[in-house]
Number of protein chains: 2
Amino acid sequence: MNPMTAARSRFSPADRPQLGLRERKKIKTREAIRDATYALIKEQGYDATTIEQIADRAEVSPSTVFRYFPTKEDIVLTDEYDPLMLEELRARPAGEPWIDSLRHVIHMALDVLTEEDPETVRTRAHLAIQVPAVRSRMVESMSETGRMLREAIAERSGLAPDSLEARVYAMSLTGGLLEVYLYWAENGFQDDLRGLVDRALDVLEHGLPAANS
Amino acid sequence: MNPMTAARSRFSPADRPQLGLRERKKIKTREAIRDATYALIKEQGYDATTIEQIADRAEVSPSTVFRYFPTKEDIVLTDEYDPLMLEELRARPAGEPWIDSLRHVIHMALDVLTEEDPETVRTRAHLAIQVPAVRSRMVESMSETGRMLREAIAERSGLAPDSLEARVYAMSLTGGLLEVYLYWAENGFQDDLRGLVDRALDVLEHGLPAANS
DNA sequence: CATGAAATGAGGGTAGCTCTCAAAATCTAC
DNA sequence: GTAGATTTTGAGAGCTACCCTCATTTCATG
């Protein structure tokens, strides 16, 4: 019924017949809440949309909404691509320069995302620049991604994952990449996200083009 | 009365006799709210401390607390050092390598902060690693600092302040430096913050020590 | 089908935050 | 100093995100 459901069809219950009825219902409820939320936000904006309205449209109780998502922001944002990325990173040849591995993995992640649900990718970015709470949550979630990055960085560089150097490096990457996303949204999604990422990685690798000493 | 008031004495009303009674009272109220908040947090922790308690101890109404600080996190965090830093950055010699200028300014900011109120610097870092809402607000506030950094970066490099490159660079710096602060707190404030900053700037300038290609 | 486990709904409670409006404090002029 | 304009404050109602508990329903399994 909802166009977004189609876009997210990889995760729809129909594709997982091996699961019990309970699990399939849970997935359906999750999707119903997400779809209701995105629809309501599109109609009235984020702040005007209350949990109660979401619950009504998704035909569940407000308690259930909170059982599935810890906060309102999480309804919009939560997704779990981190393990995928980490796995992909580990699969890269050991001798490959770190930045190249990273570039490759991010390109792949972008492809998956945009193929799967380009609409949502934009809506999220849009919310991130409009609603402080959403942006905060996004930063927080990217920091978690950064923590996973540390693992990979540590493996490659021989540094301890908890070392200051690994942490600073991972976090500066994370911050830079988040900024790409915001930049893209603020400029009306005109640019090619992939191209922006490449430019950002160049900056992170070599510093500013015409800058400093 | 409160030891923190002494530490923040540069800003106390007594030092600004040229201001009218109204302005002096406002400053006093601000300090009363801050002091009450820090004291209560020390006693009971952040979450257990309510606005009402803060208002009671500061001898103002809850409404007044919100008039002075938009959110509870802001009571703990708000400070205005950005203009100072920007000014100091601009005062550096034009030929100086960018990273050196930055290093110099951050050192200076650290000196000012630790001389003025070392206790608070630690309490904040402590809260930042314990309370997600505070950390979020801190990130947000550092992003604002990052936006000022863009100005300075643009002036030095000739890039547009709104260019992707300037933005990514500023944000990755911001993220990296925030991580230093968190690292320092997580390791019990044992390390010399200044030394950590230097190590972080080295990473940001040259990449990881023994890493990649 | 019966028993146990899991998911749900209903409802009450807390606290952050907003808004309004009238009272009190401060400033300005005469 | 006193009157009047302006600013600051307090009181309190209202909204909503979020938490917790408990009874009811829904699914899984022998």
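Here is how names work: the chains are called A, B, and so on, in the same order as the sequence lines, proteins then strands, and each is numbered from 1.
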Identify the residue among B:R30, B:R137, B:R124 that makes a salt bridge (charged side-chain N to carboxylate O under 4.0 Å, His left out) with B:D74.
B:R137
Rounded interatomic separation in angstrom, taking NZ from B:K26 and P from C:dC27
11 Å
Distance check: side-chain N/O of A:K25 vs OP1/OP2 of C:dA7, anything under 4.0 Å?
no
Between P on D:dA11 and CG on B:D56, what's the gap in Å once rounded to a whole number?
10 Å
Short of 4.0 Å, heavy atom to strand atom, which residues of residues 60-73 of chain A count as contacting DNA chain C?
A:V60, A:S61, A:S63, A:T64, A:R67, A:Y68
Round to a whole Å and report the spacing from CD of A:E59 to P of C:dT8.
14 Å
Options C:dT8, D:dT16, C:dT26, nucleotide nearest the side-chain atoms of B:R22:
C:dT26
Is there a side-chain contact between A:Y81 and A:L113, using heavy atoms and a 4.5 Å cut-off?
yes
Is it the case that A:T37 and A:R57 place a side-chain donor and acceptor less than 3.5 Å from each other?
no
Between P on C:dT8 and CZ on A:R30, what's the gap in Å once rounded to a whole number?
12 Å
Decide, yes or no, whether a salt bridge links A:K26 with A:E31 under the criterion of side-chain N to carboxylate O below 4.0 Å.
no
Please state how far atom CD1 in A:I27 lies from atom P in D:dC27, giving the value in whole angstrom units.
15 Å
B:E179 and A:R150: salt bridge (Lys or Arg N to Asp or Glu O under 4.0 Å), yes or no, with the steps?
CA-CA 12 Å; B:E179 193 72 13; A:R150 264 149 57 177; 3.6 Å; yes
Determine which pairs satisfy side chain to side chain donor-acceptor pair (under 3.5 Å) with at least one residue from residues 184-193 of chain B, sequence neighbours left out, and list them in order.
A:R167-B:E186
Length of the CD1-C1' vector between B:I51 and D:dA11, whole Å:
17 Å
Between B:I54 (CD1) and C:dG16 (C1'), how many Å, whole number?
11 Å
Determine, stepwise, if the pair B:K28 / B:D35 fulfils salt bridge (Lys or Arg N to Asp or Glu O under 4.0 Å).
CA-CA 10 Å; B:K28 253 166 104 177; B:D35 289 347; over 6 Å; no
In whole Å, I'd like the distance from the CZ atom of B:R24 to the C1' atom of D:dT8.
16 Å
Assign each of B:E52 and B:E23 the nucleotide of DNA chain C bearing its closest heavy atom; nearer the 5' end lies the nucleotide of B:E52
